[in-house]
Amino acid sequence: MTNRRNFLTGLAAASLTPASGWSSVGAPVYLAAGLFPDGSYRLSGLDNAGAILFSIPLPSRGHAAAAHPSKAQAVAFARRPGTFAIVIDCNSGDVIKRLTAPKGRHFYGHGTFSADGTRFFTTENKYEAAEGVIGVWDANSFVRLGEFASGGVGPHDIRLMPGVDMLVIANGGIETHPDTGRTKLNLPTMLPNLAYVHLSGSALAKVELTGAQHKNSIRHLAVRGDGLVGFAMQWQGNQTKHPPLLGLHKLGENPRLLSAPETQQSVLQGYAGSIAFSTNGHSVAITCPRGNALHRFDVTSGALMNAYTLEDVCGLGAGAEDLVFTTGTGAFGSLNAAHAKISSRQDCQWDNHLIPIQTTD
């Protein structure tokens with residue numbers, strides 16, 4: 001894909017002169033990557049009902065994206081192990097810049113902006129040394145400013161903690177190398193952790209999954225407004241075992257691992273795709289596309305509240321009233337106490353994540 005090409009489509013569309021901010025593209029609420037019938041991979045902006053407000057082609061399959069906190073700009077990541085991320089002006093569809101991982105690095109598909117929008121942080125693999133790295137970029141020029149240790153191996157997701165200059169990092173614990181694709185090289189000795197790091201790179205705290213859980217790779221994160229961290233896991237051990245795939249952690253406390261009863265847990269195939277807290281923060285949920293399942297838990301008691309059956313469900317986020325989801329069949333829907341309701345269906349295959357956008361206009 002060449003830079004400076006306009007691909008804006010949908011409700012924001014072409015007859016209007018782009019204005020500043022997210023309103024010019026219909027004030028989307030979410031970003032989502034997907035595969036479309038013409039074979040193109042695209043990054044789309046969605047409204048609360050799942051309607052596509054804009055859709056911009058990507059060079060290859062996308063994974064996640066990050067929305068700038070104050071302007072209509074997004075960074076879209078390649079599926080790991082990818083060496084590119086593209087900065088997109090969502091008003092025009094123009095590619096502002098293509099970020100390339102430094103030599104000896106690749107991206108892991110996730111990143112986050114600082115609260116003031118001046119810096120951007122990327123999870124990376126320093127693969128010859130089998131070390132996790134966080135890349136630091138100027139969020140205006142997207143010049144790389146430096147990097148610091150992630151605190152573990154295989155950093156995947158990264159989130160900004162609320163109200164403080166702190167990041168939480170999901171170090172999955174799995175060593176990989178681009179020469180061997182997605183082959184996992186250290187399963188007998190892997191050690192996943194949550195690492196809390198100051199924006200300067202100073203290590204603040206670390207919580208490891210040890211013992212029987214050391215093969216439970218921490219992959220994706222959600223953060224509640226009070227700093228409670230939810231983490232989704234992917235089991236790398238014996239597939240006849242069905243360990244918890246959802247955890248909760250608050251700084252200064254031990255992690256809590258939440259699991260459904262064995263009958264429901266066993267269908268998940270050891271794989272959680274996305275995680276999100278409900279709008280009111282009282283519940284937390286994970287999607288499990290291999291098991292066609294979405295499980296919601298009560299945060300206080302840790303009990304399973306609902307087990308929904310949804311074909312190839314993976315994207316998950318807080319909605320206007322409750323949780324919303326996307327599927328690989330193109331569906332967008334919402335949850336209530338008893339049911340999952342499909343509100344729209346697009347002619348595409350939505351990929352792993354549903355990324356919330358902070359709108360300012």
Side-chain angles (χ1 to χ4, degrees), residues 1-80 82-101 107 109-113 117 120 122 137 139-142 314-315 317 326-328 330 332 344-361:
M1 182 178 68
T2 58
N3 287 356
R4 315 305 298 172
R5 293 171 60 193
N6 295 337
F7 295 107
L8 201 61
T9 63
L11 299 182
S15 60
L16 300 177
T17 301
S20 62
W22 290 103
S23 61
S24 64
V25 287
V29 184
Y30 309 101
L31 298 173
L35 173 62
F36 285 73
D38 62 359
S40 67
Y41 293 103
R42 292 175 172 258
L43 179 70
S44 297
L46 310 180
D47 69 10
N48 264 319
I52 296 177
L53 305 181
F54 67 84
S55 186
I56 300 168
L58 301 173
S60 61
R61 182 178 175 183
H63 183 67
H68 193 280
S70 61
K71 53 188 176 183
Q73 190 178 95
V75 182
F77 286 92
R79 185 171 183 255
R80 70 167 183 91
T83 57
F84 79 86
I86 56 173
V87 185
I88 300 169
D89 180 340
C90 296
N91 288 307
S92 64
D94 289 351
V95 174
I96 299 169
K97 191 160 184 178
R98 180 174 174 134
L99 306 185
T100 302
F107 296 126
H110 289 267
T112 191
F113 287 91
F120 188 63
T122 53
W137 308 75
N140 292 311
S141 64
F142 285 96
C314 201
T326 54
T327 76
F332 180 101
S344 66
R345 192 178 294 275
Q346 304 295 335
D347 190 11
C348 69
Q349 299 174 33
W350 292 124
D351 220 304
N352 299 64
H353 300 295
L354 194 58
I355 307 300
I357 296 172
Q358 175 185 337
T359 57
T360 59
D361 51 23

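Below, each value reflects all heavy atoms present in this structure, side chains not excepted, and no hydrogens, waters or symmetry copies.
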Quick one: pull up OH in Y30 and CD1 in I355 and give me the separation to the nearest 0.5 Å.
-> 11.5 Å
Does a side-chain heavy-atom distance below 4.5 Å link I56 with I88?
-> yes
Indicate the atoms forming the closest heavy-atom contact of P356 with A67, along with that distance.
-> O-CB, 4.0 Å
Flag side-chain contact, heavy atom, 4.5 Å: C314 against W350 | no
Only one of I86, V75, D351, L31 forms a side chain to side chain contact (heavy atoms under 4.5 Å, CB included) with L43, so which one is it?
-> L31
Is the shortest heavy-atom distance from the side chain of T327 to the side chain of F332 under 4.5 Å?
-> no
Atom of R98, atom of P59 and distance for their closest heavy-atom approach | NH1-CG, 3.9 Å
Between F113 and F120, what is the ring plane arrangement, given parallel below 30°, perpendicular above 60°, and tilted in between?
-> tilted
What's the spacing between Y41 OH and H63 NE2 if we round to 0.5 Å?
-> 14.0 Å
Nearest heavy-atom neighbours spanning S40 and D38 = OG-OD1, 2.6 Å
Can you spot which of I52, L46, T326 makes a side chain to side chain contact (heavy atoms under 4.5 Å, CB included) with Q346?
-> I52
Do S44 and R42 have side-chain atoms, one donor and one acceptor, less than 3.5 Å apart?
-> no
Step-by-step side chain to side chain contact (heavy atoms under 4.5 Å, CB included) determination, D89 to I96 = CA-CA 6 Å; D89 180 340; I96 299 169; 3.8 Å; yes
Going by distance alone, is a donor N or O of one side chain under 3.5 Å from an acceptor N or O of the other, for T122 and W137?
-> yes
Smallest heavy-atom separation, A85 atom then F107 atom, equals N-CE1, 3.8 Å
How far does CD of Q73 sit from NZ of K97, to the nearest 0.5 angstrom?
-> 11.5 Å
Only counting residues at least two apart or in another chain, list the ones meeting salt bridge (charged side-chain N to carboxylate O under 4.0 Å, His left out) with R345.
-> none
With sequence neighbours left out, what residues match S344 under side chain to side chain donor-acceptor pair (under 3.5 Å)?
-> none
Can you name the closest pair of heavy atoms from A66 and G111 and give their distance?
-> CB-O, 3.5 Å
For residues A139 and G117, report the shortest heavy-atom separation together with the two atoms involved.
-> CB-O, 3.2 Å
Mind checking side chain to side chain donor-acceptor pair (under 3.5 Å) for S60 and listing every partner two or more places apart, or none if nothing turns up?
-> none
